[in-house]
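Note sheet for the following structure.
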Amino acid sequence: LALTNPAEPSWIDERIGENAEAAFLYGATGDLVGEAQILWQTEFWNRSVGTVYRLGPPEPAALPESAATFDANTGRIGAEVPYAVAPSTVQVHGRLLAQAGRLSLYRVDGPLQLAGLLGGVYNDGWMGTDAALTRYSTPSRPGRVRVRVSREGWGGPSPPGDVTVRVGPLKTVNGQPAIGKVTASRAWTIRSRAGRRFTLPTPTVPYRLEIHVGSTFTPADYGYSDTRQLGAQLG
C-alpha cells in the first residue's frame, strides 16, 4: 500500500463510485516493475479500475492490456473512457479530479488523449542518459518551461556530466517523436551535490523538450544496492 495511498486505498472508488469505468495508463516511466505493482494494488482496492492501456512498447508481463494503440506523435489513444488514472509523469487531456501518491485521476471528455508525457524518468525523479517531455496540448500559445537538473540527492562521487537541454516543435522522425528544429537550448556541466534551473521559451504545441546527460554513474559501484545508470534528477 505504500506505493498507492495507505490512508485510503479505495480513493478512486470513493471519488467516482465502484461501478464507474476508469482506464489505467501504464508504461510511462523507466520502472515498469514498480508501475506494475502500483497497477495491481490500485486494481485490487478499486473496482472501477479495469482497462489497461500501454503507453510504451509491449513486454512479456501478466497485465490485462487492451488492444487500443497509443500514438506517441499525437498523444492520442484509440479509445473512449469516462475516467483515466495516470502516473505523475503523464498529463491527461481532461479535468483533474483527485491525486493520491504517484497517481492522478482525470475525467475525460471525448477521445482519450494525453496533454503531456515525460519519458525516460524513474518514479523517484532520476533519469539516465536521456529524458524528454512531449507537450501535445495546452497552452495554445508560446510560453516558458522551467526545468531543474540536479544531483543534489547524491552525496557520493560521480563523473562530471555535460548536460544539454533543448526544445522545439514536435516532429516525426522514422515514426518516432523528435524535435523538428531547435528553438532554444541550454548547456551545463553537472556534478555531485549540484543543481541548476533552466527556463526556456517554448513554441506553440505540440512541442518537445529533450534533456541529455553525457556521463552517468551507478550507485552500486559505491556500495549501494541501486544498479541503475543515473544521470540527473529532474524537476
Side-chain angles (χ1 to χ4, degrees), residues 1-56 58-59 61-72 74-126 131 133-140 143 145-146 205-206 233-235:
L1 288 181
L3 296 174
T4 54
N5 184 9
E8 190 179 355
S10 301
W11 64 280
I12 299 173
D13 282 358
E14 291 292 331
R15 187 66 175 83
I16 63 176
E18 63 180 35
N19 294 321
E21 179 186 358
F24 193 101
L25 304 185
Y26 170 80
T29 74
D31 182 10
L32 296 181
V33 174
E35 276 195 68
Q37 292 176 340
I38 294 174
L39 166 60
W40 292 327
Q41 291 184 21
T42 303
E43 285 186 314
F44 180 83
W45 290 101
N46 297 273
R47 292 179 179 270
S48 59
V49 178
T51 306
V52 178
Y53 295 122
R54 179 184 290 276
L55 301 180
E59 69 162 9
L63 294 174
E65 301 172 30
S66 75
T69 57
F70 168 63
D71 187 344
T74 63
R76 297 190 183 96
I77 300 173
E80 289 195 23
V81 292
Y83 302 98
V85 182
S88 57
T89 53
V90 176
Q91 288 184 313
V92 176
H93 188 72
R95 184 161 67 93
L96 179 63
L97 298 180
Q99 292 178 299
R102 303 171 184 172
L103 298 177
S104 299
L105 172 65
Y106 294 86
R107 182 191 298 276
V108 182
D109 296 321
L112 184 56
Q113 181 177 6
L114 303 189
L117 174 63
L118 178 62
V121 179
Y122 294 100
N123 282 323
D124 60 1
W126 280 95
L133 169 67
T134 304
R135 174 63 63 180
Y136 298 107
S137 63
T138 64
S140 59
V145 60
R146 293 188 178 94
V205 293
Q233 292 172 292
L234 290 185

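In this chain, residues are counted from 1 in sequence order. Note: hydrogens, waters and symmetry copies are ignored here, and every other heavy atom, side chains too, is used.
Residues Ile12 and Trp45 have side chains not in contact (no heavy-atom distance under 4.5 Å, counting atoms from C-beta outward). Residues Thr134 and Tyr136 form a side-chain contact, since some pair of their non-hydrogen atoms from C-beta on lies under 4.5 Å apart. Side-chain atoms of Tyr106 and Val90, non-hydrogen and from C-beta on, never get closer than 4.5 Å to each other. Counting heavy atoms from C-beta on, the side chains of Val52 and Leu25 never come closer than 4.5 Å.
Every residue two or more places apart in sequence or in another chain that forms a side chain to side chain contact (heavy atoms under 4.5 Å, CB included) with Val81 is listed here: Glu21, Ala23, Tyr53, Leu112. Contacts of Arg47 classified as side chain to side chain donor-acceptor pair (under 3.5 Å), with partners at least two apart in sequence or in another chain: none. Judged as a side chain to side chain donor-acceptor pair (under 3.5 Å), and not counting sequence neighbours, the contacts of Gln91 are Arg135. Checked against salt bridge (Lys or Arg N to Asp or Glu O under 4.0 Å), Asp31 has no partners two or more places apart in sequence or in another chain. A search for side chain to side chain donor-acceptor pair (under 3.5 Å) contacts involving Ser88 returns nothing, not counting sequence neighbours. Remark: Tyr122 pairs with no residue by the side chain to side chain donor-acceptor pair (under 3.5 Å) rule, at least two apart or across chains. In this structure, the side chain to side chain contact (heavy atoms under 4.5 Å, CB included) partners of Leu97, at least two apart in sequence or on a different chain, are Arg15, Ile16, Tyr83, Arg95, Leu105, Arg107. In this structure Thr89 satisfies the side chain to side chain contact (heavy atoms under 4.5 Å, CB included) test together with Ala28, Thr29, Pro87, Leu118, sequence neighbours excluded.
Minimum interatomic distance between Gln99 and Ser104 (heavy atoms only, all atoms of both residues): NE2-OG, 3.3 Å. Between Phe24 and Ile38, the shortest heavy-atom contact is CZ-CG2, 4.4 Å. Between Val85 and Ala22, the shortest heavy-atom distance links the atoms CG2-CB, 4.2 Å.
To the nearest 0.5 Å, atoms CD (Gln113) and CG (Asp71) are separated by 9.5 Å. Remark: Leu114 CG to Thr74 OG1 distance equals 8.5 Å, nearest 0.5 Å. Of the inter-residue distances, the one linking Phe44 atom CZ with Gln41 atom CD reads 10.0 Å to the nearest 0.5 angstrom. Within the model, atoms CD of Gln233 and CH2 of Trp126 stand 4.5 Å from one another, a figure rounded to the nearest 0.5 Å.
In this structure a side-chain-to-backbone donor-acceptor pair under 3.5 Å is present from Asn46 to Pro9. Under a 3.5 Å cut-off, the side chain of Glu35 and the backbone N or O of Gly27 do form a donor-acceptor pair.
In this structure, a donor-acceptor pair under 3.5 Å is present between the side chains of Ser48 and Asp13.
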